[in-house]
Amino acid sequence: MKPQTRQRKIPSERRSEIVAIASRLAGETGFGGVTLRQVARAAGVTPGLVSHYFPTVELLLAEAFEQAMTAQMRDIFETVRGQETSVGRMRMFLRLNLDEERDGQYLLWAHACLLGRDQPLLRDVVVRFLDSWDDELEKVIREGVEKGDFRPHDPRTAAIHISALLDSFASHVISFSRSRLGILSEMVIDASERELGLVSGTLKLTRSSSRESA
């Protein structure tokens, strides 16, 4: 029986694989627990090969975080835009982001913000992601304004306010203060309705279909 040989991959494939593994490990243990050696072990390659593509763990973590959060943002807003009405889109946006089962993603975000204080590359990625996230949410709000469904004082400000409230919710999810989540979820929904000039109860979440319609 011939011994198994490691599959050779073109540089772009190997690099993408390393980033994907680092992203997965960060989601499991947080950024603080990820090392180049750990990634190499998971990828079945030598630490030297990982260092060839990423000379520092900071560079690897920055790219891994960007990949993970970009994919998450794409999935969320694709689902949001799949709803038929402006109110349905906003309700779905809140449903997806008020999901306490996403605690691993919340933890990843919190670790990135914390480590970004001392890692300029990671901090730049966090800032870019925040801007992109606000851009996407602002588009959803502006589309509702154009259809006459939303009446915010300013769409950009409303997007930032709603995102900040969701950050507060996420911080309680990862800090295990779960007894507050119901109250905080209602707070986010009520505040979002006020930001968008909606009647109270318009964005109330139900357990019905995953595809909302207003």
Side-chain angles (χ1 to χ4, degrees), residues 1-80 93 95-137 163-164 166-178 181:
M1 187 174 180
K2 295 182 178 180
Q4 292 184 343
T5 57
R6 185 192 306 159
Q7 182 181 3
R8 295 183 63 86
K9 299 182 179 181
I10 61 175
S12 60
E13 290 179 345
R14 180 65 73 187
R15 192 178 193 282
S16 296
E17 178 189 46
I18 290 171
V19 172
I21 289 173
S23 179
R24 174 176 61 80
L25 292 175
E28 295 172 356
T29 65
F31 280 113
V34 179
T35 65
L36 295 181
R37 186 173 296 278
Q38 183 185 27
V39 173
R41 187 182 307 113
V45 299
T46 65
L49 182 60
V50 176
S51 297
H52 171 73
Y53 291 103
F54 298 96
T56 67
V57 70
E58 179 183 355
L59 181 62
L60 175 56
L61 292 181
E63 188 161 334
F65 174 75
E66 186 163 28
Q67 183 183 89
M69 299 307 288
T70 299
Q72 174 194 335
M73 181 172 65
R74 181 184 62 246
D75 291 344
I76 286 176
F77 282 100
E78 282 182 357
T79 302
V80 166
F93 173 80
R95 176 188 293 278
L96 294 173
N97 285 282
L98 292 173
D99 181 3
E100 59 189 85
E101 298 304 318
R102 292 178 55 225
D103 55 344
Q105 294 174 344
Y106 296 147
L107 187 61
L108 190 66
W109 170 250
H111 280 177
C113 291
L114 182 61
L115 290 178
R117 292 171 60 89
D118 300 315
Q119 296 186 14
L121 289 176
L122 187 56
R123 181 174 62 246
D124 289 345
V125 172
V126 168
V127 172
R128 286 202 304 272
F129 175 77
L130 278 172
D131 288 340
S132 297
W133 178 271
D134 290 338
D135 288 344
E136 291 300 317
L137 182 53
S163 294
L166 289 171
D167 285 341
S168 176
F169 176 85
S171 70
H172 284 78
V173 172
I174 63 177
S175 66
F176 304 108
S177 51
R178 304 259 169 153
L181 295 185

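To the nearest 0.5 angstrom, Asn97 atom CG is 8.0 Å from Ser163 atom OG. In this structure, the separation between CG on Asp135 and CZ on Arg128 is 13.0 Å, given to the nearest 0.5 Å. Distance check, rounded to the nearest 0.5 Å: CH2 of Trp109 to CG of Leu166 gives 12.0 Å. The distance from atom CD of Gln119 to atom CG of Leu114, rounded to the nearest 0.5 Å, is 10.0 Å. Note that OG1 of Thr46 is 10.0 Å distant from CZ of Arg37, once rounded to the nearest 0.5 Å. The CZ atom of Phe169 lies 5.0 Å from the CG atom of Leu181; values are rounded to the nearest 0.5 Å.
In this structure, the side chain of Glu136 does not engage the main chain of Met73 through any donor-acceptor pair within 3.5 Å.
Looking at every heavy atom in both residues, Arg14 comes nearest to Val45 through NH1-CG1, 3.6 Å. Summarising the geometry of Pro55 relative to Leu59, their closest heavy-atom pair is CD-CD2, 3.7 Å, with the distance given to 0.1 Å. Across Val126 and Cys113, no two heavy atoms sit closer than the pair CG1-SG, 4.1 Å. Contact between Leu96 and Asp99 at its shortest, heavy atoms only, is O-CB, 3.6 Å. Scanning both residues, Ser23 and Gln67, for their nearest heavy atoms gives CB-OE1, 4.4 Å. Taking both residues in full, the closest heavy atoms of Ala42 and Ile21 are given as CB-CG2, 3.6 Å, listed atom of the first, atom of the second, then distance.
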_Please evaluate residues Phe129 and Glu66 with respect to the criterion side-chain contact (heavy atoms from CB on, under 4.5 Å), reporting the C-alpha separation (whole Å), side-chain torsions for both, the decisive distance (0.1 Å), and the verdict._
CA-CA 8 Å; Phe129 175 77; Glu66 186 163 28; over 6 Å; no
*asked:* Checking Tyr53 against Leu60 for the side-chain contact (heavy atoms from CB on, under 4.5 Å) test, could you report, in this order, the C-alpha distance in whole Å, the side-chain angles of both residues, the deciding distance, and whether it holds?
replied: CA-CA 9 Å; Tyr53 291 103; Leu60 175 56; over 6 Å; no
*Test Phe54 against Leu61 for side-chain contact (heavy atoms from CB on, under 4.5 Å), laying out the working first.*
CA-CA 9 Å; Phe54 298 96; Leu61 292 181; over 6 Å; no
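You'll find the side chain of Leu36 stays beyond 4.5 Å of the side chain of Pro47, heavy atoms only. When side chains are defined from C-beta on, Val80 counts as touching Ile76, because their heavy atoms get closer than 4.5 Å.
Checked against the 6.0 Å centroid criterion, the rings of Phe93 and Trp133 qualify as a close aromatic pair.
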